[in-house]
Amino acid sequence: MVNVAEVIVDVPAMQVDRPFDYLIPEELTDVVTAGMRVIVPFGPRTVQGFVIQTKVTPDNHKLKPIREVMDLLPVLSTELLALGDWLAKETLSFKVSAYQAMLPALLRAKYEKYFVRLDEEDAELEALFEGYETLDWKKAEANGLLKVIQKYLKNGQAEVIYQVKNKITKKKARYVHLKKDPVQLEEALLDLPKSAKAQQKVLRYFMQTGETKITQKALQERAGVTTEPIKKLAQVGILKIVDQEVARDPYQGRVFEKTTALPLLDGQKQACDQIIEAVEQNRAETFLLHGVTGSGKTEIYLQTIEHVLKKGQEAIVLVPEISLTPQMVNRFKSRFGDEVAVLHSALSSGEKYDEWRRIEKKEAHVVVGARSAVFAPFENLGMIIIDEEHEATYKQEDNPRYHARDVAIWRAARANIPVVLGSATPSMESFARAKKNVYTLLSLPDRVNQQDLPEVHVVDMRDELRQQNRTEFSRILLEKMKDRLAKGEQTVLLLNKRGYASFVMCRDCGYVVECPNCDISLTYHQATHKMKCHYCGHEEAVPNHCPSCESEHIRYFGTGTQKVEESLTKLLPEARIIRMDVDTTRTKGAHEKLLQRFANHEADILLGTQMIAKGLDFPDITLVGVLNADTMLFLPDFRSAERTFQLLTQVSGRAGRHELTGEVIVQSYTPEHYSIQYAKKHDYLGFYEHEMQMRYRYQYPPFYYLTLIGVSHEDEMTVIRTIRQIADYLRSKLHQNALILGPVPSTISRIKNKYRYQCMIKYKVEPELQAELKSILEHYQKDQQKGLTISIDVQPYVLM
DNA sequence: AGCACGCCGACT
DNA sequence: GTCGGCGTGCTC
């Protein structure tokens, strides 16, 4: 009998998406356990793998042994292993991909391949290796040496080594330790030559503070010296310099003022009590917390988490990436201090790893993070909160294409704990489930400050045009901005960029500059003064003449934030403007700095894209303007009305959150559209009813489930043939109530020279669908190796 | 995925 | 007769 580990190898391919057995070598017998990463030989290669199980079996002498363990403690708990299995099945992706998705990027293996010289005598070989013992494969390949080296491999004068590398780098800090007691120190100071002023400073620092250990950096700053005197003192044995591991702390040096629970309104209290009851009774209940902006949802999160912590359990709080602002983090940090770990994409991969480790080591009991934080390695979870549950960012757009909400509900069901979905504008799906009592609805109709919701004016921009107003600003908006300027109050302007990139078009013939590889128009970039493709990165110069008709009337269309800023400066020269978009927030911390400046009243107007729609909470914002409310209304996506309503509601909530009442101006070319009208009235329920009718009529979620199948290849005929075969196959297999739409070219019909076609399945109950889809993937496996890509998105969120 | 093996055409 | 193209199949 031998000890055997079942291992999922790090090779994302269908044929090897199953466990492989490996012998556990004797010295690792009690070390290897499920959830650890190991290094194993796999064919001629060496790869990383995840142990999913260990077992004892009869010795069949055919198993290769595990080469090395990468962890001493499992990185995946049994819960997360099971979750990965489920995820892979649900999203039709590979198990390894699911496991990788649950871990910080630093735990993903890096592979290296290089040659080792075995024959020391051969002169030519030595020359090839430039005298070194090893030669990097990539380097050899780049220099065209592979063929020559092959000979040496064959006759055993060299060999190929496959190596798995850990990416983890521990952050080190240089510490200075004091090796002498105060008396000795005094003597040492007297012994120092008079000229050694800097060394004296260092010793006096230690004598005055009584410290015995300090980072070198801090010592240099505080004692006002450079590295040299410290080195000297270390040489004579008075000090010792030690490199020590430290955890990166992205919030280092910040002081969080401790806050305590705020008093709750009746509605908040009731909601809190119900959630706490579910926590107490270990009930896997899903709550939909529907609260208007400013109704105090966050305070409910904080107080229920407090309860979870008191019970000795842990909590996960998911927040959309863009609202993971310092303001948001601060609220959690100041209530729970060091118990909070933050996981978000602006952190470096090292920082993310360290935060993840704090969770794993049970130093943190609350995690606040974006989508992937739903996989936080807690083992005694007490509650999961998803704020702004309607946000599309919770759906991962590449494999594994999971939705964080589904993962949360899975974990909650297993752990018998509640999930809280919070939103001012719940998704149709969630609200429908709440109405059917699948979720428990908790409503917060009132704002905490008892303020009325801001008044929303809708301006018909077609009228403005008729009145010869060609600027981006309606007369009323301009009027109100001037008024705020005079009163010293602040304005937020939202430019809805989605579906509205700036492109170059010929005014004479209508020619639009397009990407030669992708079926999409090129975007104009002012910074580089070039045309760039969003999808493949293709770049070209801005044309002077129309390539089609030679006309010189070729110009930019679309409205960028820069352009708006320019015209705003002309109209309101005295206004101080802060512009926030991808360009001005690219560098780390820029986002925060700009907001801070706005908070400090260093500007009157904040102009930005979607990223300013959330989380801004400044007392002096009394006017919000939406420059173009409807640009995304006509995107080919059934959720476009819902998204428009959500965005408008969201930004409206930025105004008048404190004492001053707010006003909102919404500019639109289609002011009569229901999503705008209901947003104007702050009428979520009205919008919900209307939108549900549309969804019913056009057979969309939540009445039908969707699955999107996409095929792409360089040869258009191959794509059409394949997608047709798939559609026909599904038609023959699925229930007759299921609708199969298409195949049709995708919205962007070509990316990177690959043609893209898709078909959509709409269905109600289809228990066999998953199996059928899997068999389709298997069937086209060989073609997938020849450049054909089949992507399956179960319950897609974005249809483009 | 990646790599070896193996079977055919185009050359020294 | 050999080099190298790519199709096929396997990886504990």
Side-chain angles (χ1 to χ4, degrees), chain A residues 1-26 28-29 32-70 81 88 92-101 108-116 136-138 140-142 144-156 158-165 398-400 712-715 718 754 774 777-791:
Chain A
M1 299 300 276
V2 287
N3 289 307
V4 169
E6 290 185 15
V7 174
I8 300 287
V9 291
D10 181 20
V11 179
M14 187 150 260
Q15 291 122 300
V16 293
D17 189 31
R18 62 183 173 85
F20 285 85
D21 286 352
Y22 284 90
L23 203 66
I24 301 176
E26 221 152 280
L28 295 177
T29 309
V32 175
T33 47
M36 280 181 188
R37 296 171 306 147
V38 289
I39 296 172
V40 291
F42 193 63
R45 293 183 286 164
T46 304
V47 297
Q48 190 198 69
F50 291 93
V51 176
I52 54 163
Q53 211 178 344
T54 56
K55 59 189 178 186
V56 179
T57 62
D59 193 355
N60 67 7
H61 302 287
K62 281 193 181 148
L63 299 184
K64 288 188 188 176
I66 287 176
R67 195 159 288 168
E68 222 178 291
V69 283
M70 295 180 79
L81 281 170
L92 295 147
S93 48
F94 310 120
K95 288 189 181 70
V96 245
S97 315
Y99 295 148
Q100 306 276 31
R108 215 160 296 161
K110 209 172 103 189
Y111 296 97
E112 260 178 19
K113 197 160 73 165
Y114 58 89
F115 300 106
V116 173
D136 190 70
W137 179 292
K138 288 244 169 65
E141 194 174 29
L145 299 175
L146 291 187
K147 221 179 280 173
V148 204
I149 295 172
Q150 197 175 34
K151 279 189 296 195
Y152 291 98
L153 294 178
K154 274 191 186 142
N155 57 33
E159 66 176 332
V160 184
I161 300 287
Y162 299 87
Q163 205 174 43
V164 184
K165 281 230 163 161
D398 43 53
N399 275 330
S712 73
H713 191 271
E714 291 199 353
D715 177 43
T718 309
K754 288 180 100 182
K774 186 132 199 187
L777 285 176
E778 270 160 25
H779 183 259
Y780 289 101
Q781 214 186 100
K782 283 205 186 99
D783 302 274
Q784 295 219 48
Q785 284 164 10
K786 287 182 245 160
L788 185 89
T789 323
I790 299 179
S791 67

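In the text below, chain A, chain B and the rest are named by the order of the sequence lines, each starting its count at 1.
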Residue pair [X] / [Y], side-chain heavy-atom distance below 4.5 Å:
X         : Y         : value
Val160(A) : Leu153(A) : yes
Ile8(A)   : Phe94(A)  : no
Val9(A)   : Val40(A)  : yes
Thr54(A)  : Ile24(A)  : yes
Ile66(A)  : Val32(A)  : yes
Trp137(A) : Ile161(A) : no

Distance, rounded to the nearest Å, where [X] contributes [atom1] and [N] contributes [atom2]:
X         : N       : atom1 : atom2 : result
Gln781(A) : dT8(C)  : CD    : C1'   : 12 Å
Ile52(A)  : dC12(C) : CD1   : C1'   : 13 Å
Asp21(A)  : dT11(C) : CG    : P     : 13 Å
Gln48(A)  : dT11(C) : CD    : C1'   : 17 Å
Asp10(A)  : dC12(C) : CG    : C1'   : 16 Å

If you restrict it to nitrogen or oxygen atoms, what contacts under 3.5 Å exist between nucleotides 10-12 of chain B and the protein, and what is each distance?
none

Expected output: side-chain Tyr780(A) to main-chain Thr789(A) donor-acceptor under 3.5 Å: no

Touch class at under 4.0 angstrom, heavy-atom based, for Phe42(A) against every strand present: base

Sugar-phosphate only, base, or nothing, as touched by Pro41(A) at under 4.0 Å among non-hydrogen atoms: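 Touches sugar-phosphate only.
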
Salt bridge (charged side-chain N to carboxylate O under 4.0 Å, His left out) involving Lys165(A) - partner list, sequence neighbours excluded: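 Salt bridge (charged side-chain N to carboxylate O under 4.0 Å, His left out) list for Lys165(A), sorted by chain: Glu112(A).
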
Please tabulate, for the side chains in residues 12-20 of chain A, all donor-acceptor contacts under 3.5 angstrom to protein atoms that are two or more places apart in sequence or on a different chain.
unit_1	atom_1	unit_2	atom_2	d
Gln15(A)	NE2	Gln781(A)	OE1	3.4
Asp17(A)	OD1	Lys95(A)	N	2.9

Kindly give the atom pairs (protein nitrogen or oxygen, nucleotide nitrogen or oxygen) under 3.5 Å for nucleotides 2-8 of chain B.
unit_1	atom_1	unit_2	atom_2	d
dG2(B)	O4'	Arg45(A)	NH1	3.4
dC3(B)	OP1	Lys113(A)	NZ	3.0
dC3(B)	OP2	Lys113(A)	NZ	3.3

Residues Arg37(A) and Asp10(A) bridged, charged N to O under 4.0 Å: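 The answer is no: the pair does not qualify as a salt bridge.
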
Solution key, residues 42-49 of chain A side-chain donor-acceptor pairs under 3.5 Å, sequence neighbours excluded:
unit_1	atom_1	unit_2	atom_2	d
Thr46(A)	OG1	Arg67(A)	NH1	2.9
Gln48(A)	NE2	Leu107(A)	O	3.4

Residue-phosphate contact under 4.0 Å: Lys62(A) side-chain N/O, dC12(C) OP1/OP2: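 Negative; the distance criterion is not met.
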
What pairs of nitrogen or oxygen atoms, one from the protein and one from nucleotides 1-4 of chain C, lie under 3.5 Å apart?
unit_1	atom_1	unit_2	atom_2	d
dG4(C)	OP1	Lys147(A)	NZ	3.1

